[in-house]
Amino acid sequence: MNKQGNDKKLILIGLLLGLVFSELDQTVVSTALPTIIRELHGLSLYGWVAGIYMLSITMFMPIFGKLADIYGRKKIYLSCVTLFLLGSVICGLSGSMTMLLIGRCMQGIGAGGLMPLGMIIIGDTFPLEMRAKVQSLVGPLLILPQLLGPTVGGYLVSHVSWHWIFLINIPVGMTSAIFVAKGLRESVSDARKSIDWWGAVTLVLSMLSLLLAPVLIDVKGYTWGSPAVIGLLVLSAALIAVFIRIESKALEPIIPLALFRNRSVVVLSCIVFITMLGIMGGISAFPFFAQNVMGMTPTASGYLSLAFMAGAIPASIICGRLITRVAYKRLFIVSFLFPVASFILLSRLHTDTTVLYIIASFFIMGLGIGVLFGSDNLIVQESVAKEHSGVGVATVQLFQAIGTTLGFSIFGSLLSRQIVTGITGLSGQFPSGTSETIMNGGMPQGLSADLLLKIKLVFAESFQHIFAISIVFAIAAFAACLLLKKEVLSSKEELPSAPAAADAGM
């Protein structure tokens, strides 16, 4: 890429618009979803609106990363924007759930390229020290969708039409595409390169099998022991084995196996996977505790996440400034002590836990996780050969997405099992036919104060259990940080021999 010919301001504005609005789309849709389901008579497909979007994003991340390495970042990024906008049009014009799900699938495929390619283009455009500062701000900036989503979604549904939560993406997406198209200049080799189509198809099918399992658990009520879920997991393992064999022989593999000889890629993949599986998965259900034990409103419980961001934002900025001066291994080791401390605090939750206690726990958590807001992408970009930087970043983000999907489902199942066991033991004291309602947080009228306290104790002890499990994952993530290289991040342009040395691995 010709950095000298780039308009960095246009590129940055265009990329940030694309990132913020692809994230905003998720929060706005979740706010408007009850209205959409009611109008389209699609209650049976409720969970698939989010499920198919998530599946599409995850399956296509590494494929777009590899295509960007072959055909150039600009062409593939603009293709992803186009796919996202086409999906938005289909969703916005939907008159049935089938049409809506097709549109969400197309949106998800496009969104699967926007985040990793955005980070890659920033990496190609800015020198290392400036890039560290820019990328450390990207993660915190994505808090805006969390803040604006409920407001924007509620306004459009109440005063305009739910169709516009999708159609509003069109002018914003087009503006983002124009800015990137005008600002980005890159030269791509004319040499014809083969595409590993068999590898791409096998990867998509293996990820579909793997991630369809938790989606079916959430949507259809299956358990991890259900024959269908076990069958999907076995099929996924078999397809992954086939995929590895295909990649070992392909001329242009979708995910070069050489990446897994690179210590930074392997260790960071482990860190983000463990973090999203055990740490973020552990706190994903916390609004249930806030509403049903602490008595908070849904809105107030949602905004408790701001305490997490209050810790993550300054931590991200500080790490972004230090990563080119201090060995990044030290930054990660210090940072990942905080989630351990946070979960020790959260594992002591009780029925009389205060809001201030939760805010402090979430703030401490944010101080630790903030190091991942851009630093992992930077390390990967400077650790692999230039021709693999796109697929390298996308591969690490793939492991992050898999961890997120599995974590939400696994911890949701663990929490549900704990609650069901506890509530079943009290069911003899409930009015007839109310046990299931109580398990879901609904409290019938007329329950005694003593019984209400017992129910809240069941909820509190269930959360204590899953947070205790999260301590183990937090310690595992900390241990993985010990395996990082003890080196200060420096640009490959400053060290011409770095790519070869880095790809040599350990």
Side-chain angles (χ1 to χ4, degrees), residues 213-214 217-218 221-226 229 273-296 301-302 304-305 307-308 336-355 357-366 368-369 403-430 435-443 450-479:
I217 290 171
D218 294 338
Y222 291 179
T223 66
W224 286 98
S226 300
V229 171
F273 177 78
I274 294 169
T275 299
M276 301 313 292
L277 173 61
I279 295 180
M280 304 311 291
I283 66 172
S284 61
F286 187 79
F288 183 95
F289 179 89
Q291 293 171 41
N292 296 299
V293 178
M294 300 176 69
M296 301 179 70
S301 66
L304 278 177
S305 62
F308 173 86
F336 272 84
L337 287 171
F338 288 102
V340 177
S342 176
F343 276 114
I344 290 174
L345 292 174
L346 289 171
S347 68
R348 300 172 67 85
L349 288 179
H350 211 271
T351 55
D352 57 356
T353 297
T354 64
V355 172
Y357 187 92
I358 300 301
I359 289 173
S361 301
F362 279 22
F363 178 79
I364 293 170
M365 177 88 67
I369 305 301
T404 301
T405 305
L406 295 178
F408 284 10
S409 181
I410 290 171
F411 276 84
S413 298
L414 287 173
L415 180 64
S416 176
R417 185 181 306 167
Q418 289 292 315
I419 290 175
V420 168
T421 301
I423 294 298
T424 301
L426 299 173
S427 60
Q429 305 175 49
F430 300 153
S435 292
E436 186 173 348
T437 301
I438 293 171
M439 288 176 190
N440 291 306
M443 299 299 171
D450 181 60
L451 186 53
L452 279 173
L453 179 59
K454 289 180 180 178
I455 294 169
K456 289 184 178 182
L457 278 172
V458 168
F459 292 157
E461 289 170 1
S462 299
F463 275 89
Q464 289 171 12
H465 178 77
I466 65 167
F467 287 145
I469 295 173
S470 289
I471 294 174
V472 178
F473 281 93
I475 293 173
F478 171 80

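Nothing here was measured: the structure is a model prediction, and the numbers come from that model.
Residues Gln464 and Ser347 fail the side-chain proximity criterion, which asks for heavy atoms closer than 4.5 Å. Glu461 has its side chain out of reach of Leu349: every pair of non-hydrogen atoms, C-beta onward, lies at least 4.5 Å apart. A 4.5 Å side-chain heavy-atom check between Leu345 and Phe467 finds every atom pair outside the cut-off.
Every residue meeting the ring-ring contact (aromatic ring centres under 6.0 Å, His included) condition with Phe289, not counting sequence neighbours, appears here in chain and number order: Phe286, Phe463.
Between atom CG of residue Leu406 and atom CE of residue Met276 there is a gap of 11.5 Å, rounded to the nearest 0.5 Å. Considering OG1 of Thr351 and CD1 of Ile455, their distance stands at 12.5 Å, rounded to 0.5 Å. Rounding to the nearest 0.5 Å places CZ of Phe336 at 5.0 Å from CD1 of Ile369. Atom CD of Gln418 sits about 7.5 Å away from atom CD1 of Ile469, to the nearest 0.5 Å. In this structure, OG1 on Thr404 lies 11.5 Å from CD1 on Ile279, to the nearest 0.5 angstrom. Note that CG of Leu414 and CD1 of Ile419 are 11.0 Å apart. Values are rounded to the nearest 0.5 Å.
At least one donor-acceptor pair closer than 3.5 Å links the side chain of Thr421 to the backbone N or O of Arg417. Panel note: side chain Ser361, backbone Ser342; no donor-acceptor pair is recorded below 3.5 Å. Not a single donor-acceptor pair under 3.5 Å links the side chain of Tyr222 to the backbone N or O of Ala213.
In plain terms, the two heavy atoms of Ala460 and Val293 that are nearest each other are N-CG2, 4.5 Å. His350 and Leu457 get closest at one heavy-atom pair: CE1-CD2, 3.5 Å. Of all heavy-atom pairs between Gly278 and Ser470, the closest is O-OG, 2.8 Å. Contact detail for Ile359 and Ala307: the closest heavy-atom pair is O-CB, 3.6 Å. Between Phe338 and Ile364, the closest heavy-atom pair is CB-O, 3.3 Å. Across all non-hydrogen atoms, the minimal contact from Ile466 to Phe411 is O-CE2, 3.6 Å.
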Open item on the list: Could you walk me through whether Phe343 and Ile283 satisfy the side chain to side chain contact (heavy atoms under 4.5 Å, CB included) test, starting with their C-alpha distance in whole Å, then the side-chain angles of each, then the deciding distance to 0.1 Å, before giving a yes or no?
Closed with: CA-CA 9 Å; Phe343 276 114; Ile283 66 172; 3.8 Å; yes

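Counting only N and O atoms by type, the side chains of Thr223 and Ser226 include a donor and acceptor under 3.5 Å apart.
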